[in-house]
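Presented below is the structure to which this report refers.
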Amino acid sequence: MIIRSQPRHAVKASEITPPRYYFNRRRFITSAAALLAAPALGWPVESRPARPLGPYTRSRYIIDEPLTDYEDITHYNNFYEFSTDKEDVAELAKDFRTDPWTVIIDGEVEKPGRYHLEDILRPHPLEERIYRLRCVEAWSMVIPWVGFPLADLIKRFQPTSRAKFVEFTTLYDPAQMPGQRRRILDWPYVEGLRMDEAMHPLTLLAVGLYGKVLPNQNGAPLRLVVPWKYGFKNIKSIVRIRFVEHQPVSTWMKAGPREYGFYANVNPHVDHPRWSQARERRIGEFFKRKTLMFNGYGEEVAQLYAGMDLRRFF
Ligand SMILES: Nc1nc2c(c(=O)[nH]1)N[C@H]1C(S)=C(S)[C@@H](COP(=O)(O)O)O[C@H]1N2
Ligand SMILES: [Mo]
């Protein structure tokens, strides 16, 4: 599954996949409208990145599968703080302010504090990793993230021996995030990992994708990526990282304890109560494919759950 080298972005998904049907209509309408509106608005398609993405290297954690189109990755988003409509998030998040940004590091840790994002990032060399992302809604993407291992940050801030879990929190700012003005979820969005999951070399803090600064809709300026878990574990726009003794209660566990467990490991054998998890639709492709245990990362992570009943700890 993890291979060492491969030509960079060798095959574009769009070149080898059948024509997509998923977004066609909507996108056609938007682009037609945009073409008409463009002269009047002086249309810049993408806002300039506020914070340039520094140099990065290619890591060995890449999968040999066609990348999902940048357009799809950035216009089909789950980010309920902005909208529950995946195709509306990009537009609603376009003016989201991610600079300045601070992150609180607290709880069971030797070096607690409120840090500027720059100070969080500075010591960490960036690398590109190509991961599958499997949403609990049974679609998936292949995304070239740029980031650094969460483990490196954890080692730097030094959790105490009492720290057994890490809890992450998204920004709460209803003035900027229209979805937070509605009680869709119990805001702010919270997620958590067991310490060994957080320390696993696959677990990434992402600051970019496709070699660019992370777009707002993808969780700028800092988001978690845990590729063997369902997408909802990948919490966006993180403002707090807290080390705790007890298992955090994540937002989705609160919303539906029978539907969303703490572990949320991708598992084709454990269905969501309302639909099957056996197969998935890769965005940009027509035919469904089989979902892989641990999203295909079993070789790397299965031992973290040795002896656990994965039906019970779903
Ligand atoms: N704060 C926050 N983080 C979030 C979400 C969210 O609604 N709010 N959605 C999650 C879900 S369900 C998925 S599938 C991924 C989607 O990430 P992407 O838009 O970058 O593909 O983000 C996750 N992180
Ligand atoms: Mo998701």
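When a ligand or atom number is given, it counts from 1 through the structure's own listing order.
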What part of E137, side chain from CB on, backbone N/CA/C/O, both or neither, has a heavy atom under 4.0 Å from ligand 1?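 Neither part.
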May I ask you to identify, for N77, whether its side chain, its backbone, both or neither come under 4.0 Å of ligand 1 on a heavy-atom basis?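 N77 to ligand 1: contacts from backbone and side chain alike.
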Identify the residue among Y263, F243, F262 that makes a ring pair (Phe, Tyr, Trp, His ring centres under 6.0 Å) with F165.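 That would be F262.
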Please list the nearest protein heavy atom to [atom] with its residue and the distance rounded to 0.1 Å.
atom	answer
atom 8 (N) of ligand 1	E81 OE1, 2.7 Å
atom 12 (S) of ligand 1	N78 ND2, 3.4 Å
atom 14 (S) of ligand 1	C135 SG, 3.5 Å
atom 24 (N) of ligand 1	N234 O, 2.8 Å
atom 15 (C) of ligand 1	G231 O, 3.6 Å

Give me the one residue out of R289, R282, R281 that meets side chain to side chain donor-acceptor pair (under 3.5 Å) with E285.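 The option that passes is R289.
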Test Y189 against every option in W252, Y172, Y80 by the side chain to side chain donor-acceptor pair (under 3.5 Å) rule and name the one that passes. W252
Of all residues at least two apart in sequence or in a different chain, which pass the salt bridge (charged side-chain N to carboxylate O under 4.0 Å, His left out) check with R194?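 Only D196 meet the salt bridge (charged side-chain N to carboxylate O under 4.0 Å, His left out) criterion with R194.
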So how far is it from L171 CG to L222 CG, rounded to the nearest 0.5 Å?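 These two atoms lie 12.0 Å from each other.
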Just verifying a value: how many Å separate E87 CD and Q217 CD, rounded to the nearest 0.5 Å? 13.0 Å
Please enumerate all residues that pass ring pair (Phe, Tyr, Trp, His ring centres under 6.0 Å) together with W187, with sequence neighbours excluded.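 Residues passing ring pair (Phe, Tyr, Trp, His ring centres under 6.0 Å) with W187: none at all.
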So is there a nitrogen or oxygen of [X] less than 3.5 Å from a nitrogen or oxygen in ligand 1?
X	value
N218	yes
Y80	yes
Y76	no

F82 and F79 aromatic ring geometry - parallel, tilted or perpendicular at 30°/60° bounds: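 Rings of F79 and F82: perpendicular, over 60°.
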Are I104 and V244 connected in a single hydrophobic cluster, I mean Ile/Leu/Val/Met/Phe/Trp/Tyr linked by side-chain heavy atoms less than 4.5 Å apart? no
For atom 19 (O) of ligand 1, which of K233, R223, K236 has the closest heavy atom?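 Of the listed residues, K236 has the closest heavy atom.
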Only heavy atoms count here, so choose which of W145, Y189, W139 is nearest to atom 4 (C) of ligand 1. Y189
Please could you name the atoms of ligand 1 that T170 approaches to less than 4.0 Å, counting only its heavy atoms? 1 (N)
